[in-house]
Protein chains: 2
Amino acid sequence: MDVTELAAHTPAERRDTRSCLKITQVLSRIGDKWTVLIIILLRERAYRFNELKRSIDGISQRMLTLTLRNMERDGLVTRTVTPSIPPRVDYELTDIGRSLAGPVKILGDWAFEHLGRIAAAQAMFDAKSPDT
Amino acid sequence: MDVTELAAHTPAERRDTRSCLKITQVLSRIGDKWTVLIIILLRERAYRFNELKRSIDGISQRMLTLTLRNMERDGLVTRTVTPSIPPRVDYELTDIGRSLAGPVKILGDWAFEHLGRIAAAQAMFDAKSPDT
DNA sequence: CGGAATCCATGTCGATACTG
DNA sequence: CAGTATCGACATGGATTCCG
């Protein structure tokens, strides 16, 4: 089965989109502000907490914690605590997380490639829209 | 150039992630609640406003309007008004919108394929986490 | 029919402060 | 170092009403 079926013109069309809600939940994690950035970094190697914090410009400690928790909950990353002093926590992509990196990269490349045209479209739209 | 560079271990690493903020903005549109569903529907043909509303279970009039406006602003859809009585408004994917459908489908397929494992991981995580 | 406008509940996020 | 706790600003999204 395949996501394209969601566009089928069957009478049960509305049920199809409802069953898609779980997919939407998964995609919303992709769309959140930081998950993609973390995945891109972890693609290469494991990172420590503050190492991620330093590498991702603008992220707050709180959001890094929350995002990593969610990703851990979804099974995308593993969290490995080394109870040394000072404590050390490493984050690493799981197999699932790594399998997500490919599709995410495709989307990221698309976004990068169309940044200009999207910005242009926005400028056009804003120019036409009634002055605020 | 290529998104993977964002993971480069250069001293300018933090600047790289900053320049990625625009990409994040684009991706956040993918992650929002309805855009993907609309793209999937419009992949096949143009839809009228209420036709979309009926086809997407659970969407409010307000959110459909807002989502379509944003997509129009980004240049993903065209909005065609036919001033008949009653009025008729058709929405259709632009070339950019259509080019986005491919990557979105890949991600959707990934989500669909891993729904089970993600749900399982979440259940595991919740079972282990301290009771609330 | 296809919206716009308003109200309101909830969610998201950053800043700050504190902990083991 | 790697968090947790709390607060408050702001955004998101639903319900409802009105309008051309």
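Per chain, numbering begins at 1; letters A, B, ... match sequence-line order. Model, not experiment: these values are computed from the prediction.
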How would nucleotides 5-20 of chain D be written as a contact map, 5' to 3', with B for base contact, S for sugar-phosphate-only contact and - for no contact, using protein heavy atoms under 4.0 Å? -B------BBB----B

Taking the side chain as C-beta and beyond, is there a heavy-atom pair between [X] and [Y] under 4.5 Å?
X: A/Glu51; Y: A/Arg45; result: yes
X: B/Leu42; Y: B/Glu92; result: no
X: B/Arg43; Y: B/Arg98; result: no

Please enumerate all residues that pass side chain to side chain contact (heavy atoms under 4.5 Å, CB included) together with B/Val89, with sequence neighbours excluded. B/Arg79, B/Val81, B/Tyr91

Main chain of A/Thr78, side chain of A/Thr94: is a donor-acceptor contact present, judged purely on distance under 3.5 Å? no

Is A/Ile106 reachable from B/Leu76 through a run of I, L, V, M, F, W or Y residues, each pair having side-chain heavy atoms under 4.5 Å apart? no

Treat each ILVMFWY residue as a node, draw an edge where side-chain heavy atoms are under 4.5 Å apart, and state whether A/Met124 and A/Ile118 are in one component. no

Assess the residue pair A/Ile96 and B/Trp110 against the criterion (side-chain contact (heavy atoms from CB on, under 4.5 Å)); give the C-alpha distance rounded to whole Å, side-chain angles, the decisive distance to 0.1 Å, and a yes or no. CA-CA 10 Å; A/Ile96 305 185; B/Trp110 180 93; 3.7 Å; yes

Mind listing the side-chain donor-acceptor pairs of residues 31-41 of chain A below 3.5 Å, one per line with the distance, residues two or more places apart or on another chain?
unit_1: A/Asp32; atom_1: OD1; unit_2: A/Trp34; atom_2: N; d: 3.3
unit_1: A/Asp32; atom_1: OD1; unit_2: A/Thr35; atom_2: N; d: 3.0
unit_1: A/Asp32; atom_1: OD1; unit_2: A/Thr35; atom_2: OG1; d: 2.6
unit_1: A/Asp32; atom_1: OD2; unit_2: A/Thr35; atom_2: OG1; d: 2.9
unit_1: A/Thr35; atom_1: OG1; unit_2: A/Arg29; atom_2: O; d: 3.2

On DNA chain C, which is the earliest and which the latest nucleotide, 5' to 3', with an atom closer than 4.0 Å to a heavy atom of chain A? C/dC13 to C/dG20

Would you check, one step at a time, whether the test side-chain contact (heavy atoms from CB on, under 4.5 Å) holds for A/Phe125 with B/Asp74? CA-CA 8 Å; A/Phe125 185 92; B/Asp74 289 349; over 6 Å; no

Hey, mind stepping through B/Val26 and A/Leu115 against side-chain contact (heavy atoms from CB on, under 4.5 Å) and telling me if it holds? CA-CA 8 Å; B/Val26 174; A/Leu115 272 185; 3.8 Å; yes

D/dC1 OP1/OP2 closer than 4.0 Å to side-chain N/O of A/Tyr47: no

Between B/Asp126 and B/Lys128, is there a salt bridge with N-O shorter than 4.0 Å? no

When you measure from every atom of DNA chain D, which of residues 73-82 of chain B have a heavy atom less than 4.0 Å away? none

With five pairs defining each end axis, the helix from C/dC1-D/dG20 to C/dG20-D/dC1 comes out bent, to 10°, by 40°

